[in-house]
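See below for the structure under consideration.
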Amino acid sequence: MKKKVLLMGKSGSGKTSMRSVIFANCMARDTRHLGATVDVERSHVRFPGGLVLNLWDCGGQHAFPERCPAGRRGGVFRDVAALVYVFDVGSRDLEEDAHLYQSCLEAILRSSPAARIFCLVHKMDLVQEDQRDLVFAEREEDLRRLSRPLECVCFRTSIWDETLYGAWSGVVCQLLPNARQLEASLSSFARIIEAEEVLLFESTTFLAIAHYQRGERRAARGAEKISNIMRQFRLSCRKLTAAFQSMEVRNSHFAAFVCAFTSNTCVMVVMSDPSIPSAATLINICNAGRHFE
Ligand code: GTP
């Protein structure tokens, strides 16, 4: 099931940087050398449940409806499953930002009225830490108002921390055709092996796509942090020309395992009884993986 996702926003807002960090394993510092995107760059990413994200990174200088040649306008905005619109939080011209955003929404309303809308208030690292909540709340309120009659979901993001993974996990989970079933299967698996926590990740992006926590649900922020740590770890492995296979961390209170699960997922399993032998848990993970293919 192919779903088209438009990545739009003004030139320099950070679209290609976030795409490179999330989908091409690029380091945040390497995005400084990216050139402007001319026209549209497309990429495909496969997720469980047969979902293929067809990501259209639309260069800010050319892709807005009013700047796009009339013959192509319909094509860009047709059959869109989601619009991910990136705003540079440091932008000075809020009026122009609002105008360009609304011109995209009008085109979406005409050509793909069922598309989901996500707004990323990006480069939040440039805002003083104690001001971030306030700045984001203000922007979110403005964006909700500007989006009417459509509904938008807003995230704060920066390529320099894990917020980017949280936002993109949120986008992907909304588009997964079998998200509920995946959560239900994951919690059955976790209960059978008596795990404390289980997190399912897509294996190339390390985006979290399903989560089980015994008892209370943990804040999503934990998953974002683990995505970030695992990606950094995998990049370090690559530098040593070693492929990441699995990881085990244990102390006297718990044992945690991160390993390949299915052909396109990895799993993190946390066991609160560290006396259970690692081999037993690893066999359970390996056997369960077949049921998730
Ligand atoms: P076009 O291709 O012209 O549409 O621009 P774009 O939206 O793709 O912007 P691009 O990704 O090329 O980023 C422009 C600049 O913003 C680069 O120098 C990035 O390093 C920087 N940048 C991207 N994301 C962030 C962020 O979260 N924080 C900060 N401080 N800088 C960022």
Side-chain angles (χ1 to χ4, degrees), residues 4-43 45 53-69 72-73 75-77 80 82-94 96-105 107-108 117-133 135-136 139-140 143 154-171 205-207 221 224-225 227-228 231-232 235:
K4 177 171 164 185
V5 177
L6 286 188
L7 182 55
M8 302 197 86
K10 241 167 54 175
S11 185
S13 57
K15 301 176 293 297
T16 307
S17 304
M18 65 170 71
R19 179 170 63 97
S20 311
V21 169
I22 296 273
F23 298 103
N25 280 317
C26 181
M27 301 289 274
R29 61 170 179 269
D30 297 333
T31 63
R32 293 197 181 110
H33 313 297
L34 290 170
T37 305
V38 179
D39 206 8
V40 178
E41 281 175 15
R42 296 180 214 183
S43 45
V45 194
L53 278 198
N54 181 11
L55 196 63
W56 289 42
D57 177 354
C58 305
Q61 301 180 16
H62 303 275
F64 288 107
E66 57 207 52
R67 297 176 189 170
C68 190
R72 291 200 39 215
R73 236 173 261 170
V76 172
F77 291 95
V80 175
L83 167 70
V84 179
Y85 198 98
V86 184
F87 292 89
D88 179 343
V89 73
S91 164
R92 306 241 160 124
D93 198 344
L94 295 183
E96 191 199 20
D97 289 357
H99 170 70
L100 290 172
Y101 174 55
Q102 285 188 312
S103 70
C104 285
L105 290 186
I108 286 280
I117 313 293
F118 300 93
C119 291
L120 308 188
V121 182
H122 191 52
K123 304 196 187 178
M124 283 299 278
D125 56 287
L126 299 176
V127 176
Q128 226 177 291
E129 209 165 342
D130 59 351
Q131 297 291 307
R132 286 181 195 163
D133 287 346
V135 168
F136 178 68
R139 287 293 167 92
E140 188 176 29
L143 291 171
C154 301
F155 295 99
R156 63 180 92 183
T157 50
S158 162
I159 54 167
W160 294 102
D161 61 38
E162 67 272 7
T163 52
L164 193 63
Y165 306 107
W168 278 94
S169 271
V171 172
T205 58
F206 250 103
L207 290 176
R221 201 166 169 76
E224 304 166 17
K225 277 210 156 86
S227 292
N228 199 3
R231 287 173 61 103
Q232 302 300 331
L235 285 172

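First listed ligand is number 1; within each ligand, the first listed atom is number 1. Computed from a predicted structure; not experimentally measured.
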Query raised in the report: Does Thr163 reach the main-chain N or O of Ser158 with its side chain, forming a donor-acceptor pair under 3.5 Å?
Result: yes
Requested in this report: Please confirm whether Gly9 comes within less than 3.5 Å of ligand 1 when only nitrogen or oxygen atoms on both sides are compared.
Outcome: no
Query - Polar contact flag for Cys58 and ligand 1 (N/O pairs, less than 3.5 Å) - result: no
Requested in this report: Answer side chain, backbone, both or neither: which part of Met124 comes under 4.0 Å from ligand 1, heavy atoms only.
Outcome: neither
**Report entry** Which of the ligand 1 atoms, numbered from 1, are nearer than 4.0 Å to a heavy atom of Trp160
**Finding:** 28 (N), 29 (C), 30 (N)
Query - Tyr85 and Ser13, any side-chain heavy atoms less than 4.5 Å apart - result: no
Requested in this report: State the atoms of ligand 1, each with its element, that fall below the 4.0 Å cut-off from a heavy-atom position in Lys10.
Outcome: 7 (O)
Query - Asp57 and Arg42 ion-paired at < 4.0 Å - result: no
Report task. Kindly compute the distance separating CZ (Arg92) from CG (Asp88), expressed to the nearest 0.5 Å. Result -> 10.0 Å
Query - Under 3.5 Å: donor-acceptor pair, side chain of Lys15, backbone of Lys10 - result: yes
Query raised in the report: Any N/O of Thr16 closer than 3.5 Å to an N/O of ligand 1?
Result: yes
Report task. Indicate yes or no: does an N/O atom of Leu126 lie under 3.5 Å from an N/O atom of ligand 1? Result -> no
Report task. Verify the neighbour count for atom CD of Gln131: are there more than 12 heavy atoms of other residues, nucleotides or ligands below 6.0 Å? Result -> yes
Report task. Sequence neighbours left out, what passes side-chain contact (heavy atoms from CB on, under 4.5 Å) with Asp133? Give chain and number order. Result -> Arg156
Query raised in the report: What about Asp57: any of its N or O atoms under 3.5 Å from an N or O on ligand 1?
Result: no
Report summary line: Here the atoms of ligand 1 under 4.0 Å from any heavy atom belonging to Ser158 are 27 (O)
Report task. Compare Leu164, Leu7, Asp125, Val89 and give the one whose heavy atom is closest to atom 28 (N) of ligand 1. Result -> Asp125
Report task. Fit a plane to each ring of Phe118 and Phe155, take the angle between them on a 0 to 90° scale, and name the class: parallel (under 30°), tilted (30 to 60°) or perpendicular (over 60°). Result -> parallel
Query raised in the report: With a 4.0 Å cut-off on heavy atoms, does Met18 reach ligand 1?
Result: no
